[in-house]
Amino acid sequence: MMNWGKAWLNYKKIDGMEETKLLDEIYYYWEDPIIVNAAAELETALTKMQEISVTSRRIEKGEEAKLPSGVILQVEESSSLDKEGYRITREENKIFIEGKEPTGVLYGAFHLIRLIGCGESIERLAIEEAPSNPNRMLNHWDNIDGSIERGYAGKSIFFDKENILLNDRTRDYARLCASVGINGVVINNVNVRGAATRLITKEYLPQLKKMADIFHGYGIKLFLSLNFAAPMEIGGLTLADPLDSQVITWWKGAFKEIYEYIPDFGGFLVKADSEGRPGPFTYHRTHAEGANMLAEIIKPYGGIIVWRCFVYNCKQDWRDRLTDRAKAGYDNFMPLDGKFNDNVILQIKNGPMDFQVREPVSPLLGGLRHTNQILEVQVTQEYTGQQRHVCYLIPMWEEVLKFKTYCGEKADTVADIVSGRTFYQTNCGMAGVANIGNDENWTGHDLAAANWYGFGRISWDTTLTAEEIAKEWILMTFSDDERVIENITGILMNSWPAYEKYTSPLGIGWMVNPGHHYGPNVDGYEYDRWGTYHRADCKGIGVERGQAGTGYTLQYHEPNASMYEKIETCPEELLLFFHYISYTHKLKSGKTLIQHIYDTHFEGVEDVEEMIKKWKALEGSIDSDAFERVTLRLKEQLSNSKDWRDIVNSYFYRKSGIADGKNRTIY
């Protein structure tokens, strides 16, 4: 029986291991909670993988030279390794895992476990790694009552009925995050309301300290989302003006108290002046003034302020053809480039809108030159099937990271920028909106765990491919059976394109039911009551974002601006995002736009049917409980994909009056 509570750390037996003697002792001489956890993880993993008794113990420095065999964990502060980097080497019957600091050793231990779990040889080891990104964070949108905004895997593992939860799952969560290199976790929703505002007070700090201590043992810093209006809501003040002396004094007292309880507290994530959240605009202050006030107070403690760039006026009248939500992030933050303190990081969504199945890369990435940046992606599948549909998102993120912004002559990809390489910054990285809850399998859909695993791996090493990550995860989670690897890899790698086919064509996005954002409703999005997000009429569909329209294309560097400006050069997968196109326009395939819409929606359903065939072929080869859970999810996905196909195709048939060229039934 698979231990699904442990996810990819279930540590199944590895057949054919020939070097068990080499791996039956773990030694360490640095007494530190992180090192102790690294040794314990190796002990647990190697015991289960080899089905032998493995022990770990502390030795004195220098004693390792006398040992006949074993795995030796070493912290060498004078090492040439990067801060969180590690080195794994083998000398005869000894394996050395070295780090400049304990966290590097922990990551090295998990790397060795991953090698063995994936069936790789350990005969010759000469591995040296360091993370691509300094900050690799998960943002949880968990509410203090135990619910999760955009959560699709049960209730919160952190909160219940305004209480902090601390249990075995807290530790397992930290283990899973550390195993893929995640080093920061924001545990509460960015929309901080009610009792959640009090998380920064003595009412909750003792319990949060215990959580932070657990996280610390796995190299993870605890962060909180912050309510900008806290001085008013819990501080008794009449305002939250970031330049007011009373407000500054109040925040100084609040931060001092937090760090007295949690000395290694990471800092705060802030959503301000967007979708009804309070912020500096109320007082005619800028985002920079709001963020810098907090940053100056937290800097002596080593903390950072992560300020989200998801800022737009959701009350706008979208019927105005020049009103363009896509421009909002750039318009708000580009004028402030260089005005943020060095411990402020702007957190930028991968696209300019809101985690759609297909968007262009945000022009802020490559636009900002003097400001720290974190790339924000959504692991939880708000607009990509809500973990009822399999939709493996790593290929999307891989495309984003490889995107050339042309912000300079070299090191101009998104991966370069958010790593800090482009502009020589140190407070950068990636953040993922988490997809886990208290369901037995963590993510509701067993295959959705690949997105959690994949976020950690690609934020650690941005050169990894989506297929490499998928195969790693399958080997660690399911089996080394070739058919299992081939079929599940095929399902995962085809899932994002399939979802795109049967939902939103050519970058148009949205078309979802209001509020919960699940299922097809072409004109239903709550901020788009007039269908203006797709602007379909009887002649065509799409948003004109060139210079003749909203001017959004001008936010990009050349040659991207010109590429998007022209219909002829615009990538077709984004054609309707950038341009209004007639239904009779011929695409590069030779098909008309309307025929492409019809065909892709039918093809998407066929792709899901093929996924089901691949999955059914694995019955008996993987854990039966997991098999049944995924089978049920795939059946639901097939039914939903047919709904999407029929509703979207019917909508455009009625709009255009053009019949399907293949004479299929369109209701």
Side-chain angles (χ1 to χ4, degrees), residues 82-85 107 111 128-139 180-184 304 306 308-309 329-330 333 337 345-352 355 358-379 392-433 450-470 472-473 493 496 555-560 563-564 571 573-574:
D82 289 346
K83 181 181 176 185
E84 294 179 293
Y107 295 145
H111 188 136
E128 186 170 317
E129 281 205 11
S132 297
N133 297 301
N135 293 291
R136 306 171 303 279
M137 302 175 67
L138 280 179
N139 293 178
V180 290
I182 291 165
N183 65 357
I304 60 175
V306 182
R308 291 182 89 227
C309 292
Y330 190 97
F333 288 94
D337 189 24
I345 312 176
L346 295 187
Q347 185 163 300
I348 305 166
K349 289 188 178 186
N350 60 275
F355 301 131
R358 177 78 67 172
E359 294 185 47
V361 168
S362 169
L364 271 176
L365 295 161
L368 296 168
R369 305 179 69 86
H370 308 290
T371 307
N372 299 316
Q373 300 160 64
I374 275 185
L375 168 66
E376 179 181 346
V377 297
Q378 193 184 53
V379 190
Y392 181 55
L393 297 171
I394 317 308
M396 178 199 293
W397 306 337
E398 186 182 0
E399 284 188 14
V400 171
L401 289 164
K402 289 179 178 177
F403 179 78
K404 287 179 68 65
T405 66
Y406 297 100
C407 63
E409 293 183 4
K410 57 183 180 179
D412 65 342
T413 67
V414 172
D416 292 323
I417 293 165
V418 300
S419 70
R421 292 189 296 269
T422 304
F423 301 121
Y424 307 102
Q425 295 157 339
T426 56
N427 269 328
C428 299
M430 289 181 67
V433 180
N451 287 328
W452 179 14
Y453 180 91
F455 169 76
R457 292 293 285 131
I458 203 166
S459 62
W460 172 272
D461 182 355
T462 55
T463 68
L464 289 172
T465 69
E467 188 167 352
E468 287 172 332
I469 292 169
E472 269 185 17
W473 175 76
M493 293 301 294
W496 176 44
Q555 294 185 344
Y556 290 92
H557 295 294
E558 291 291 357
N560 288 336
M563 174 184 69
Y564 290 138
E573 64 270 18
L574 291 168

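Note that the coordinates shown come from a computational prediction; the quantities given were computed from them, not determined experimentally. FYI, the numbering just counts along the sequence from 1.
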Side chain to side chain contact (heavy atoms under 4.5 Å, CB included) partners of Thr463, counting only residues at least two apart: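 So Thr463 forms a side chain to side chain contact (heavy atoms under 4.5 Å, CB included) with Asp461.
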All side chain to side chain contact (heavy atoms under 4.5 Å, CB included) counterparts of Pro571, not counting sequence neighbours: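 Result, side chain to side chain contact (heavy atoms under 4.5 Å, CB included) vs Pro571: Met563, Tyr564, Glu573.
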For the residue pair [X] and [Y], what are the closest heavy atoms and their distance?
X	Y	value
Gln373	Leu364	OE1-O, 3.6 Å
Val361	Tyr556	O-OH, 2.6 Å
Ser132	Ser459	CB-O, 4.2 Å
Leu401	Leu375	CD2-CD2, 3.9 Å
Leu138	Trp452	CD1-NE1, 3.7 Å
Phe355	Val433	CZ-CG2, 4.3 Å

Flag, side chain of [X] to backbone of [Y], donor-acceptor distance under 3.5 Å:
X	Y	answer
Tyr107	Glu129	no
Arg136	Gly181	yes
Asn135	Cys428	yes

Atom pair OG1 (Thr426) and NZ (Lys83), whose distance is rounded to the nearest 0.5 Å: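 Going from OG1 on Thr426 over to NZ on Lys83, the span is 9.5 Å.
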Distance in Å, Met396 CE paired with Glu359 CD, rounded so as to fall on 0.5 Å steps: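 The CD atom of Glu359 is 8.0 Å from CE of Met396, to the nearest 0.5 Å.
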Glu84 and Asn183: side chain donor to acceptor below 3.5 Å: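 Side-chain D/A pair, Glu84 to Asn183: present.
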Worked check of side chain to side chain contact (heavy atoms under 4.5 Å, CB included) between Val180 and Trp460: CA-CA 7 Å; Val180 290; Trp460 172 272; over 6 Å; no
Working for side chain to side chain contact (heavy atoms under 4.5 Å, CB included), residues Asn139 and Val306: CA-CA 11 Å; Asn139 293 178; Val306 182; over 6 Å; no
CA sep, side-chain torsions, deciding dist, call: Phe403, Ile417, side chain to side chain contact (heavy atoms under 4.5 Å, CB included): CA-CA 11 Å; Phe403 179 78; Ile417 293 165; over 6 Å; no
Sole residue of Thr413, Asp416, Asp412, Asn560 in side chain to side chain donor-acceptor pair (under 3.5 Å) with Lys404: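 Going through Thr413, Asp416, Asp412, Asn560 one by one, the side chain to side chain donor-acceptor pair (under 3.5 Å) with Lys404 is satisfied by Asp412 alone.
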